[in-house]
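Just so you know, these numbers use all the heavy atoms, side chains as well, and skip hydrogens, waters and symmetry mates. Sequence lines set the chain letters: A, B, ... in the order given, protein chains first and strands last, and positions in each chain run from 1.
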Number of protein chains: 2
Amino acid sequence: MRLSTKGEYASRAMLELSLHHEEKPLHIRDISKAQDIPQRFLEQILLQLKRAGYLRSRKGPDGGYYLSRPPAEINVAEVIRVMDGPLAPIDCVSVTAHEVCPHESSCGLRGLWKEVRDAVAQIMEKATFEELAERTRAARSGRRRGS
Amino acid sequence: MRLSTKGEYASRAMLELSLHHEEKPLHIRDISKAQDIPQRFLEQILLQLKRAGYLRSRKGPDGGYYLSRPPAEINVAEVIRVMDGPLAPIDCVSVTAHEVCPHESSCGLRGLWKEVRDAVAQIMEKATFEELAERTRAARSGRRRGS
DNA sequence: CAATAGTCGACTAACTCAATCGACTTAGTG
DNA sequence: CACTAAGTCGATTGAGTTAGTCGACTATTG
Ligand code: FES
Ligand code: FES
């Protein structure tokens with residue numbers, strides 16, 4: 001039940017971009033440093049997110065990436081799906097594949113996998129980057145106060 | 001967020017064994033046929049489950065595998081953990097690993113991953129093989145009636 | 001035009017996964 | 001006791017995926 005590094009990096013990058021939303025575009029190098037992601041790899045990831053319509057970019061000096069929609073309108077599930085494909089733990093409960101299992105119609109496990117998929121989807125869909133950014137900011141200032 | 005084939009096969013095999021609990025030991029060949037799992041691969045899986053204490057086996061003719069505890073006392077989470085390791089989608093929320101992420105203490109994502117892990121764990125832990133076998137039997141007889 | 005920054009496709013090394021094999025051990029049958 | 005049916009175990013393979021790299025290119029700014 002692991003999430004790929006790509007999915008993780010993508011989420012972290014999107015979070016970073018959300019934190020700086022409405023400022024100047026952020027360039028790859030800075031995201032890479034802030035989140036400790038290999039720059040060349042991050043490049044690919046951002047490109048993929050751009051193609052999927054979540055990011056826009058500007059070339060040249062002072063260029064960089066920025067969100068194409070406000071963070072409140074983007075949730076984690078979408079991002080993960082772009083990077084890793086369907087959230088379903090197994091093909092027989094995926095919307096795009098299934099029909100692989102032998103006794104599919106009478107298999108007691110199928111309902112369980114479905115539950116898992118739905119739970120995961122529900123949690124990730126309700127998590128917007130707006131909210132995550134907010135939580136992050138709160139944690140940072142709380143920490144500063146606390147220490 | 002995929003489950004490995006090994007995890008899937010292991011669950012299916014355990015389900016099959018639960019369906020025939022209290023009968024003669026089931027041999028690998030039969031499980032393999034019933035669930036359409038490559039026999040040689042299944043061998044490894046059963047062995048691993050045996051080492052983890054969920055199965056016992058008897059050699060010789062009329063040998064085979066059987067559950068070491070009643071199906072009601074085994075849940076899916078345990079089995080998956082044996083085959084695939086921790087359920088956590090990412091290391092920073094796993095009990096046995098973590099501390100990889102850069103701003104772990106102030107990262108808004110961490111809470112989310114935790115939610116996911118807990119949800120998945122909860123669903124899989126409450127699913128015992130007793131119940132799954134029951135559902136399977138119900139589906140089979142229901143189907144027979146229905147068609 | 002020089003410098004900076006994103007774009008794109010190809011590439012690779014490492015690793016994991018699914019599966020296979022061969023040789024061995026144990027248990028029951030006659 | 002020999003034979004045979006079954007599980008045991010470690011090693012190995014081949015395919016595929018993943019994480020990460022590279023080089024050449026294009027667009028923008030000053
Ligand atoms: S139907 Fe897919 S595991 Fe049973
Ligand atoms: S702490 Fe692990 S993703 Fe942020």
Could you tell me whether the side chain of A/His27 and the main chain of A/Pro61 form a donor-acceptor pair under 3.5 Å? no

Rounding to an integer number of Å, can you tell me how far B/Arg2 CZ sits from D/dT18 P? 10 Å

Which nucleotide in D/dC9, C/dA10, C/dG6 has an atom nearest any side-chain atom of A/Tyr65: C/dG6

Protein heavy-atom contacts under 4.0 Å, written 5' to 3' over nucleotides 25-30 of chain D as B (base), S (sugar-phosphate only) or - (none), form the string -BSBS-

Please determine whether a side-chain nitrogen of the Lys or Arg among A/Glu16 and A/Arg12 lies less than 4.0 Å from a carboxylate oxygen of the Asp or Glu. no

Winner on side-chain proximity to A/Gln44, out of D/dG20, D/dC9, C/dG6, is D/dG20

Where the side chain of B/Arg2 meets the backbone of A/Met1, is there a donor-acceptor pair that is under 3.5 Å apart? no

For A/Ile37, does its backbone N or O pair with a side-chain atom of A/Ser32 as donor and acceptor, under 3.5 Å? yes

Side-chain donor/acceptor of A/Arg110 to backbone N/O of A/Glu104, under 3.5 Å: no

Using only atom types and a distance under 3.5 Å, with no angle test, would you say the side chain of B/Arg58 pairs donor to acceptor with the backbone of B/Asp62? yes

Within residues 18-42 of chain B, the residues having a heavy atom closer than 4.0 Å to DNA chain D are B/His27, B/Ile28, B/Arg29

Under 3.5 Å, is there a donor-acceptor pair between the side chain of A/Ser94 and the main chain of A/Ala88? no

Has B/Lys50 got a side-chain N or O lying under 4.0 Å from the OP1 or OP2 atom of D/dG7? no

All N/O donor-acceptor pairs, side-chain side in residues 69-79 of chain B, below 3.5 Å, sequence neighbours left out:
unit_1: B/Arg69; atom_1: NH1; unit_2: B/Glu73; atom_2: O; d: 3.3
unit_1: B/Asn75; atom_1: OD1; unit_2: B/Ala77; atom_2: N; d: 3.1
unit_1: B/Asn75; atom_1: OD1; unit_2: B/Glu78; atom_2: N; d: 3.0
unit_1: B/Asn75; atom_1: ND2; unit_2: B/Glu78; atom_2: OE2; d: 3.3
unit_1: B/Asn75; atom_1: ND2; unit_2: B/Glu125; atom_2: O; d: 3.4
unit_1: B/Glu78; atom_1: OE1; unit_2: B/Tyr54; atom_2: OH; d: 2.9
unit_1: B/Glu78; atom_1: OE2; unit_2: B/Asn75; atom_2: N; d: 3.0

